[in-house]
Trainee: 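Before we start, here is the structure in question, set down as structure tokens.
So that the names make sense, note that chain A is the first sequence line, chain B the second, and so on, each numbered from 1. Hydrogens, waters and symmetry mates are skipped; everything else that's a heavy atom, side chains included, is used.
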Number of protein chains: 2
Amino acid sequence: MTLPVLTDDMSDEEIDAIVNKATTASGFLKAISHEGRLMILCHLVSGEKSVTELEDLIAARQAAVSQQLSRLRLEGLVVPRRDGKTIYYRLADDKPKRVLEVVYDLFCKDVNT
Amino acid sequence: MTLPVLTDDMSDEEIDAIVNKATTASGFLKAISHEGRLMILCHLVSGEKSVTELEDLIAARQAAVSQQLSRLRLEGLVVPRRDGKTIYYRLADDKPKRVLEVVYDLFCKDVNT
DNA sequence: TGCAAATATACGAATATTTGCAAAAAAAGC
DNA sequence: GCTTTTTTTGCAAATATTCGTATATTTGCA
């Protein structure tokens, strides 16, 4: 269970690699750090949802939800699936879920209070 | 190992509580989603560092580092400790570490490639 | 073809974030 | 008190994000 530790005795290449990873991670975190997007992702953890469903679930306007989904889509966090007129979104992989689990544990544990 | 799932059959109070938590979580994630701050936090996982040390470690200007630290301080993620002229910063609690562990696992696992 | 439903996009305004630079505190030593 | 070192703060410019409104696009159906 080692940590993402950076030490002075690492080679420049190693440091550089880590910085690149940091850029990627930063983008990912920026994507999920928006309250609306965070909520959307939370809802998607329990399974596919249509845009309209999400619109109701997070009480936001259609265009706003679509924009947030667009951002998440570009960032590779969610994937759309068309079924007739409606488009269903789901998590692209378990990355968001993995992070959300921890975030939930840290901030939402005592929801019943 | 339940997830931060929101379902339609929750009471408004429950939903509301979760939204508040989401706001908090969002602020936290915004704080760590900045590349420089992310690097700073990574360094702090391995222990206390002075501002000057961090300045060298992430190759940023002194004022910039200080500002990022200021942001992290206001957000409650780090805590300063003065020792003579220098000020040492450390993680305020294990929240950043907990999230960073996952982020590291997701994005930095294959650093040696 | 024409129309309605579901979703996406474009664009401007309002906000927020980030950065760089200069200046100001704070502490230590002389 | 003065100087040096370390750190913080203030301010303005540059960027980025977000929101709202309006406008496409796509699909299904009559």
Trainee: Sequence neighbours left out, what passes salt bridge (Lys or Arg N to Asp or Glu O under 4.0 Å) with R81(A)? Give chain and number order.
Mentor: E48(A)
Trainee: According to side-chain contact (heavy atoms from CB on, under 4.5 Å), who are the partners of I58(A), at least two apart in sequence or on a separate chain?
Mentor: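 I58(A) satisfies side-chain contact (heavy atoms from CB on, under 4.5 Å) with M39(A), I40(A), H43(A), A60(A), V65(A) once adjacent residues are dropped.
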Trainee: Who pairs with S50(A) by side-chain contact (heavy atoms from CB on, under 4.5 Å), at least two apart in sequence or on another chain?
Mentor: T52(A), E53(A), Y88(A)
Trainee: What's T86(B) touching, base or sugar-phosphate or nothing? Going by heavy atoms closer than 4.0 Å.
Mentor: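 Sugar-phosphate, backbone atoms only, no base.
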Trainee: Return no unless some side-chain N or O of Q68(A) is found under 4.0 Å from OP1 or OP2 of dC19(D).
Mentor: yes
Trainee: Give the rounded distance in Å between these two atoms: CZ of R81(A) and P of dT7(C).
Mentor: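 To the nearest whole Å, that distance equals 12 Å.
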Trainee: For Y88(A), report the nucleic acid contact type (base, sugar-phosphate, nothing); a contact means any heavy atom under 4.0 Å.
Mentor: nothing
Trainee: Taking DNA chain C as the partner, which of residues 23-35 of chain A come within under 4.0 angstrom of it by heavy atom?
Mentor: none
Trainee: With the side chain of Y89(B) defined as its heavy atoms from C-beta on, choose the nearest nucleotide among dA8(C), dT8(D), dT7(C).
Mentor: dT8(D)
Trainee: Can I get a per-line list of side-chain donor-acceptor pairs under 3.5 Å for residues 29-36 of chain A, giving both atom names and the distance, sequence neighbours left out?
Mentor:
from   : atom 1 : to     : atom 2 : distance (Å)
S33(A) : OG     : L29(A) : O      : 3.3
S33(A) : OG     : K30(A) : O      : 3.0
H34(A) : ND1    : G36(A) : N      : 3.0
H34(A) : ND1    : R37(A) : N      : 3.2
E35(A) : OE1    : T23(B) : OG1    : 3.0
E35(A) : OE2    : T23(B) : OG1    : 3.2

Trainee: Who passes salt bridge (Lys or Arg N to Asp or Glu O under 4.0 Å) against R98(B), sequence neighbours left out?
Mentor: D105(A)
Trainee: Under the side-chain contact (heavy atoms from CB on, under 4.5 Å) test, which residues partner Q67(A), sequence neighbours left out?
Mentor: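 side-chain contact (heavy atoms from CB on, under 4.5 Å) check on Q67(A) returns nothing, list empty.
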Trainee: Taking only N/O atoms, report every protein-nucleotides 12-15 of chain D pair under 3.5 Å with atom names and distance.
Mentor:
none

Trainee: Which atom pairs link the protein and nucleotides 20-27 of chain C when you take only N or O atoms and keep those under 3.5 Å?
Mentor:
from    : atom 1 : to     : atom 2 : distance (Å)
dG20(C) : O6     : Q67(B) : NE2    : 3.1
dC21(C) : OP2    : R61(B) : NH1    : 2.5

Trainee: Write out all pairs satisfying salt bridge (Lys or Arg N to Asp or Glu O under 4.0 Å) with one or both partners inside residues 61-75 of chain B, taking only residues at least two apart or from two chains.
Mentor: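 As it turns out, the salt bridge (Lys or Arg N to Asp or Glu O under 4.0 Å) pairs with a partner in residues 61-75 of chain B, which skip direct neighbours, are R71(B)-E75(B).
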Trainee: How does DNA chain D look in dot-bracket form if you count Watson-Crick and G-U pairs under 3.5 Å, write [ ] for pairs that cross, and put | where a base pairs with another strand?
Mentor: ||||||||||||||||||||||||||||||
